Amino acid sequence: MKNNGIDGKLLPFVANQLGDDMTGHGLQHALRVFGNARTLQAREGGNLRIITAAALLHDCADRKLFDDTDRQRALIAGFLRSIDFSEEETDTVDGIIRTISFNQGENLPLSTIEAKIVRDADRLDAIGAVGIIRTIEYGTARHRPFYNPENPGDTGTTLNHFYEKLLRLKDLMHTPTARAMAEERHRFLERFLKQFYDETGADRP
Ligand code: NI
């Protein structure tokens, strides 16, 4: 991988792993997370080579997408070695990927700036306009209704996911730059929800 570029083998590998995902975790998500991570790195610092690899690969061993996450991690490690990542770099990227999923403990301490940046970059893609689209895509793929007028408190709806996760993300950012970027996206979530309630008269879960 020359000059931290994504033009070499990394992008085709990620495309091959995530290409057909229709649950909001596909290649376009990986590319947006990479873009966010680069923006954060420019302000916050950190090793761009590690951040690039971890940002693009972060969902390639996610349990939401893959049954055998250990096998995926081994596949990723083998791939990184094949593009001349050292053992230490490979371990570092693996460590970031492992801790990145929200479900694996939102308050897991992240010790490195690289890990904080990739997690913040991923969380930024879960809020704002893109966050709304991805949440609805994910819910639809799981055959979840957006809301349940008969039982507004239904926790199995996509609407409930806004309260369970999306609206909390702004306060879970690790870096000051991500916290600032999250503000506008968070306000957009609130505007969307207000409009939804205004139009439907629905009760919030
Ligand atoms: Ni992700």
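Keep in mind that the numbers below use all heavy atoms, side chains included, and drop hydrogens, waters and symmetry copies. Small disclaimer: the values here were computed from a predicted structure and weren't measured. Counting starts at 1 for both ligands and their atoms, following the listed order.
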Peer 1: Check for a donor-acceptor pair, side chain of Arg134 on one end and backbone N or O of Asp125 on the other, with a separation under 3.5 Å.
Peer 2: yes
Peer 1: When you measure from the side chain of Arg185 to the backbone N and O of Leu124, does any donor-acceptor pair fall under 3.5 Å?
Peer 2: yes
Peer 1: For His58 and Ala55, indicate whether the former's side chain and the latter's backbone hold a donor-acceptor pair under 3.5 Å.
Peer 2: yes
Peer 1: Starting at OG1 of Thr158, measure out to CZ of Phe146 and round the result to the nearest 0.5 Å.
Peer 2: 6.5 Å
Peer 1: Do the non-hydrogen side-chain atoms of Leu11 and Leu27 ever get within less than 4.5 Å of each other?
Peer 2: yes
Peer 1: List the steps and the verdict of salt bridge (Lys or Arg N to Asp or Glu O under 4.0 Å) for Glu190 and Arg187.
Peer 2: CA-CA 5 Å; Glu190 292 179 328; Arg187 278 196 295 275; over 6 Å; no
Peer 1: Short of 2.8 Å from the Ni ion (ligand 1), name each protein N/O/S atom, waters not counted.
Peer 2: His29 NE2, His58 NE2, Asp59 OD2, Asp122 OD1
